[in-house]
Number of protein chains: 2
Amino acid sequence: MAKGPTVYHVAERAGVSIATVSFTFRQPDKVKASTRELVLAAAEELGYVPSASARGLARGRTGALGLFAYDYLLDPADGIRGDGQDPHEPAAADLERRNEDLRLFPLYVDEVQRGVELECWRRGQALLVGGGNPENNEAVLSDIAGRVDGLAVFPRSVPSEALARIARRIPVVEISESVHNRELDHVTVDNVSGVRAITEHLIAAHGLSELMFLGGMPSSDNDERLAGFLGALSDAGLPNTREPKYPCGSEQSVTEVVRAICEQGSLPDAFVCATDQDALVVMDALAAAGVNVPRDVAVTGFDGIAAGRVIRPSLTTVRQPMEQMGRTMVDLLLDRLDHPDKPPAAIRLPVRVILRESCGCQPG
Amino acid sequence: MAKGPTVYHVAERAGVSIATVSFTFRQPDKVKASTRELVLAAAEELGYVPSASARGLARGRTGALGLFAYDYLLDPADGIRGDGQDPHEPAAADLERRNEDLRLFPLYVDEVQRGVELECWRRGQALLVGGGNPENNEAVLSDIAGRVDGLAVFPRSVPSEALARIARRIPVVEISESVHNRELDHVTVDNVSGVRAITEHLIAAHGLSELMFLGGMPSSDNDERLAGFLGALSDAGLPNTREPKYPCGSEQSVTEVVRAICEQGSLPDAFVCATDQDALVVMDALAAAGVNVPRDVAVTGFDGIAAGRVIRPSLTTVRQPMEQMGRTMVDLLLDRLDHPDKPPAAIRLPVRVILRESCGCQPG
DNA sequence: TTGAAAGCGCTAACAT
DNA sequence: ATGTTAGCGCTTTCAA
């Protein structure tokens, strides 16, 4: 029992060759029914479980895909735990609070991951998941890379040199961030139309005119969202009066921006945020400043994370088809395996505006 | 580029033997510094990524662990999608609604999974995740089994014969459900103390006396929780007036039980529920019947899922250390690999009562 | 329809 | 300190 039965054991037991055992499992029709029964029975009795390592080696394919995501709970600054003590007692207070704050809902990443999982299982692929803090990032990543036929990654979850290296060996698909690496396959959403539509809604349905785009690190997604915003403004003949305030880098947090605006008493009519998480932060900051949403100012997000449905006021947003994006990543990977030489694909999925309370609507 | 560089290529390029290449990666100290540089450089230039299949085969260990969980979104009854149509357009309305209902928060499974992930990455183990609907369950499961050194499973996520078979070959650890299979390692929590404590709280702090235990499928966890409940009652000298009403099987849903009670106008002082999810259902049913919590009746849960913090009234519950449970599963697995002959372990982790609004307390 | 045999890429004795 | 070599368990021609 130490080492587990192999094809050899099964073959011996069934009185056939190892090739026949292999055939029985991979191409059951190629063996006579009676032989098949024999082999299957032997395998059953022995508790035979094929070794994926051996199979992978022999076939040159592992039959597994990988997913690598950053862990938004692990702050790069302070690593995975508060102290290096007992690995099982995470610096409780601190970590707990973080969990309370951030882990409330399935976020963007989780929902995409779910899509990846479901599609992998459906297509008979094993799925390896990786992640973690920047310290062991690369180790985990290249370990995974050696185990899979293709890799799905979230942007920035891994240094781009490491990614490039891996992409030389196996197909890699990146979600969003379409500009980042033009050699890779990508799946994105229609950021421009989404933000354009939600902005138009604010203007047309609520008669708002002084809108401010806010949030996020610069990224190609956010650039596109901003473009959609500006497009809607100009279509409506409105000036972008808040021009200097959009995508703020890390040196100026969203919270601080909002606080400053509140203190100056110079609220816009609406904050059009680059992501739902930004919008949540904005709403928190507004609440802290005693500003009422949507009465005093409207707020919109982008993503459609679950939290937006639950908070009060509920968040008007642009929903990305996250599960489908995950599934599409798997599609692309599997497709790429069969067609290594196709030009890089950039699938762009549609989005949907979801009107809730934070813009001033009163959803049913 | 088609097949990717191997040790042989690296060795040739660096002008050393393949063994030296191997050593360079596995035991860097065993090779002269200069040689090491040489090899590393060659590997870098070639874009070498070690094949985990080959390594696994040679070493007799894959270096990966598996996690298998049921997917609570996939109803066994109707499978993964409403129609068998386009795999990318899940029967939208239906699936969406489910997501709205169930996918609001990270549930028990998610939080445990998170612990497993973090611990795996920390310990340098790759992680394979499996799940899915009952149809491809077994296929996915045995596929995973062939790829890993050990497997963590949620109870009932897989037929027990299949599990037994796998357990013959690799260590398997089950979370909770300690009675189910006594050969396997288990990690559980102190269900009895938890429910006892929360029940005592209802009695002592709120002066309630007619309590009703409710919910869940029968399971060893729920049995223990019920035992804690009954223990607290008898300690307090209270009769279990609601005896016939506890763990209701599938033939009588929790919702129906609550509705019936409301219609009869025979509310107890409190519903002590077997899980948070049961408690949420109970609270929904009560709300639908116009019953106010906690004024008319108190409700408590068990688990400590995030949703309980967010709903109103917030849910008084017993929190399981879910992340830690996941980490512990990994511990057990890794430990078992080194000590195959140790007797089966059953780690029981402590729980914590969390007082919130649904019992009548006024937290924070 | 089945068997024989040559690898797949790497590790780990064992030699040198 | 490094090289030689024999597998690890399976797939897959090619023969029989």
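Naming: A, B, ... by sequence-line order, numbering from 1 per chain.
In this entry the distance linking CG of D149(B) with P of dC8(D) reads 18 Å, nearest Å. As rounded to whole Å, 25 Å separates atom P of dG9(C) from atom CZ of R61(B). Here the C1' atom of nucleotide dT2(D) and the CG atom of D29(B) are 15 Å apart, to the nearest Å. The interatomic distance linking E12(A) (CD) with dG9(D) (P) rounds to 14 Å, in whole Å. Rounded to an integer number of Å, the gap from CG of L57(B) to C1' of dA6(D) is 13 Å.
Annotation: side chain of R147(B) is not in contact with side chain of L128(A) (no heavy-atom distance under 4.5 Å).
Side-chain N or O atoms of D149(B) include none that pairs as donor or acceptor with a backbone N or O of L65(B) at under 3.5 Å.
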For this session: Just do the side-chain contact (heavy atoms from CB on, under 4.5 Å) check on D331(A) and R123(A) with the steps written out, would you?
Result: CA-CA 9 Å; D331(A) 272 352; R123(A) 311 268 296 249; 2.6 Å; yes

Exercise. What do the steps show when you test F154(B) against V112(B) for side-chain contact (heavy atoms from CB on, under 4.5 Å), and what is the final call?
Worked result: CA-CA 10 Å; F154(B) 282 83; V112(B) 173; 3.7 Å; yes

Shorter than 3.5 Å, N or O on both sides, protein versus nucleotides 11-13 of chain D: list them out with atom names.
from    : atom 1 : to     : atom 2 : distance (Å)
dT11(D) : OP1    : R26(A) : NE     : 2.7
dT11(D) : OP1    : R55(A) : NE     : 3.1
dT11(D) : OP2    : S22(A) : OG     : 2.5

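The residue from R114(A), E111(A), Q113(A) that alone fulfils the side chain to side chain contact (heavy atoms under 4.5 Å, CB included) condition with E323(A) is R114(A).
Between dA1(D) and T35(B), no contact under 4.0 Å exists linking OP1 or OP2 to a side-chain N or O. For S17(B), a side-chain nitrogen or oxygen approaches OP1 or OP2 of dG3(D) to under 4.0 Å.
Heavy atoms only, all atoms of each residue included: A43(A) and F25(A) are closest at CB-CZ, 3.8 Å.
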